[in-house]
Amino acid sequence: HLLPLALVVDAAGLSLSSAGSPRTSGNSSAVVGSPRVGVRGLCSPVDNEDDCVALTSVYWATGGKLNWTMDGTTSLCKWPGVKCKSGRVSQFIDYSQFKDAPDIDGSLPTEISRLDKLTQLVFTSQGLAGTLPGNIGELPSLTRLALSGTSISGSISGELGKLSTLRELVLSDTKIDGSLPSALSECPDLKQILLDGSQIDGTLPPELATMTKLKRLLLGKTRLDGTLPKGYHAFTSLEELEISGTDVSGSLPAAWGTGA
């Protein structure tokens with residue numbers, strides 16, 4: 001029994017087209033943003049050292065525009081965009097989307113992997129560029145990686161398959177290219193893969209059809225081609241598939257248009 005499935009496909013390519021329902025304070029002369037300043041002097045003494053190293057590295061790597069009070073006494077848990085749980089960083093949401101916040105630029109540093117309690121990493125600033133850190137798969141608690149609308153580029157590393165807790169991968173409208181790694185099928189809790197408007201290419205990996213919790217697969221307006229793998233006909237968990245604006249061809253089961 002197939003769940004009702006929303007499809008957005010090219011009628012020309014597929015035989016069925018349907019749709020379902022630091023600042024600093026005090027008199028310190030040290031320049032915040034300079035690696036010469038010891039990180040323990042920027043975070044509160046009660047802050048976790050790994051979290052402090054990771055976030056100060058983010059600050060330096062993204063142009064030093066984050067409006068954080070890095071005075072050695074204010075906890076990083078009070079920095080805008082940072083949320084903590086039990087004293088550890090659990091969420092980092094780029095607050096450039098908020099009113100009067102500066103638009104950051106730069107890239108994500110490899111030190112971000114030290115945020116071992118991080119569950120959400122969200123950036124929306126178009127100024128964020130560079131590539132995904134090669135060790136991004138070393139975030140054992142990450143459930144949501146969302147960088148849509150940024151200028152992030154490069155390919156998606158198979159290292160993401162190590163993220164056993166990942167539920168959402170959102171890289172829509174970015175400069176991400178290369179093929180869609182089959183290793184994503186090794187993320188047992190992944191429910192959404194959103195890459196529409198990116199520059200990914202190649203063919204759809206048949207391994208994705210083995211995912212039992214994937215509900216949304218949005219790949220429209222990309223450079224994908226080839227044929228729809230036969231295994232996708234038995235994709236019982238999928239509720240929304242978008243492949244319009246691609247060169248993917250083949251046939252779809254009629255049941256996908258009726259939810260039967």
Side-chain angles (χ1 to χ4, degrees), residues 48-63 66 76 81-85 88-94 96 104-202 205 207-208 211 213-214 217-219 222:
N48 177 272
E49 184 172 355
D50 283 328
D51 289 352
C52 184
V53 169
L55 291 188
T56 52
S57 295
V58 169
Y59 178 88
W60 295 325
T62 55
L66 293 167
L76 55 78
V82 179
K83 291 186 178 181
C84 294
K85 183 177 181 180
R88 296 297 309 278
V89 174
S90 62
Q91 296 182 31
F92 179 50
I93 300 176
D94 164 26
S96 64
I104 65 170
D105 54 44
S107 59
L108 290 175
T110 57
E111 288 85 356
I112 204 163
S113 66
R114 299 179 70 160
L115 297 173
D116 59 343
K117 301 298 181 183
L118 187 71
T119 61
Q120 293 193 46
L121 178 59
V122 181
F123 271 89
T124 58
S125 176
Q126 190 175 9
L128 184 70
T131 59
L132 287 172
N135 58 354
I136 196 76
E138 297 177 13
L139 292 168
S141 304
L142 196 66
T143 61
R144 185 184 185 206
L145 176 59
L147 305 174
S148 61
T150 68
S151 300
I152 204 84
S153 62
S155 60
I156 303 174
S157 171
E159 291 294 301
L160 288 182
K162 296 180 179 180
L163 298 175
S164 60
T165 59
L166 190 65
R167 296 178 183 176
E168 297 180 35
L169 177 62
V170 186
L171 299 172
S172 306
D173 299 316
T174 63
K175 298 180 180 180
I176 290 290
D177 58 18
S179 60
L180 191 59
S182 59
L184 290 178
S185 64
E186 299 172 15
C187 299
D189 292 327
L190 195 54
K191 295 182 179 181
Q192 298 190 68
I193 299 176
L194 279 56
L195 290 165
D196 48 307
S198 69
Q199 299 179 26
I200 60 168
D201 55 29
E207 291 86 355
L208 294 188
M211 303 177 72
K213 295 184 179 180
L214 189 64
L217 182 58
L218 306 187
L219 306 170
T222 62

Hey, could you give me the [atom1]/[atom2] distance between [X] and [Y], rounded to the nearest 0.5 Å?
| X | Y | atom1 | atom2 | value |
| --- | --- | --- | --- | --- |
| Ser185 | Ile193 | OG | CD1 | 9.0 Å |
| Thr131 | Lys175 | OG1 | NZ | 13.0 Å |
| Cys187 | Leu160 | SG | CG | 7.0 Å |
| Leu163 | Leu145 | CG | CG | 8.0 Å |
| Leu184 | Leu166 | CG | CG | 8.0 Å |
| Thr143 | Lys191 | OG1 | NZ | 10.5 Å |

Take Asp196 and Ser172 through the test side-chain contact (heavy atoms from CB on, under 4.5 Å) and record every step on the way to the result. CA-CA 5 Å; Asp196 48 307; Ser172 306; 2.7 Å; yes
Using the side-chain contact (heavy atoms from CB on, under 4.5 Å) rule, take Lys213 and Leu190 through it: C-alpha gap first, then chi angles, then the decisive distance, then the call. CA-CA 6 Å; Lys213 295 184 179 180; Leu190 195 54; over 6 Å; no
For a quick test of reading the model, state the closest non-hydrogen atom pair linking [X] to [Y] and the distance between them.
| X | Y | answer |
| --- | --- | --- |
| Thr110 | Pro133 | CA-CB, 4.2 Å |
| Asn135 | Ser113 | ND2-OG, 2.9 Å |
| Val53 | Glu111 | CG1-CG, 4.3 Å |
| Pro181 | Ser157 | CG-O, 4.3 Å |
| Leu108 | Leu128 | N-CD1, 4.2 Å |
| Arg114 | Asp50 | NH2-OD1, 2.7 Å |

Assess the residue pair Thr174 and Ser198 against the criterion (side-chain contact (heavy atoms from CB on, under 4.5 Å)); give the C-alpha distance rounded to whole Å, side-chain angles, the decisive distance to 0.1 Å, and a yes or no. CA-CA 5 Å; Thr174 63; Ser198 69; 4.0 Å; yes
Could you check whether any side-chain heavy atom of [X] comes within less than 4.5 Å of a side-chain heavy atom of [Y], counting everything from C-beta outward?
| X | Y | result |
| --- | --- | --- |
| Ile200 | Leu171 | no |
| Leu180 | Leu208 | yes |
| Arg144 | Thr119 | no |
| Leu195 | Ile156 | yes |
| Ser90 | Lys117 | no |
| Ser153 | Asp177 | no |
| Phe123 | Ile104 | yes |

Salt-bridge present ([X], [Y]; N to O < 4.0 Å):
| X | Y | result |
| --- | --- | --- |
| Arg167 | Asp189 | no |
| Glu159 | Lys162 | yes |
| Arg88 | Asp116 | yes |

Quick one: which of Ile112, Leu66, Val89 gives a side chain to side chain contact (heavy atoms under 4.5 Å, CB included) with Leu55?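 When Ile112, Leu66, Val89 are each tested with Leu55, the side chain to side chain contact (heavy atoms under 4.5 Å, CB included) holds only for Val89.
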Among Asp173, Leu218, Leu169, Leu217, the one residue meeting side chain to side chain contact (heavy atoms under 4.5 Å, CB included) with Leu194: Leu218
More than 12 non-hydrogen atoms from neighbouring residues, nucleotides or ligands closer than 6.0 Å to CD on Gln199, yes or no? yes
Worked check of side-chain contact (heavy atoms from CB on, under 4.5 Å) between Cys52 and Leu76: CA-CA 7 Å; Cys52 184; Leu76 55 78; 4.2 Å; yes
Between the main-chain N or O of Ala129 and the side-chain N or O of Ser107, is there a donor-acceptor pair closer than 3.5 Å?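 No; judged by distance alone, with no hydrogens or angles, the pair does not exist.
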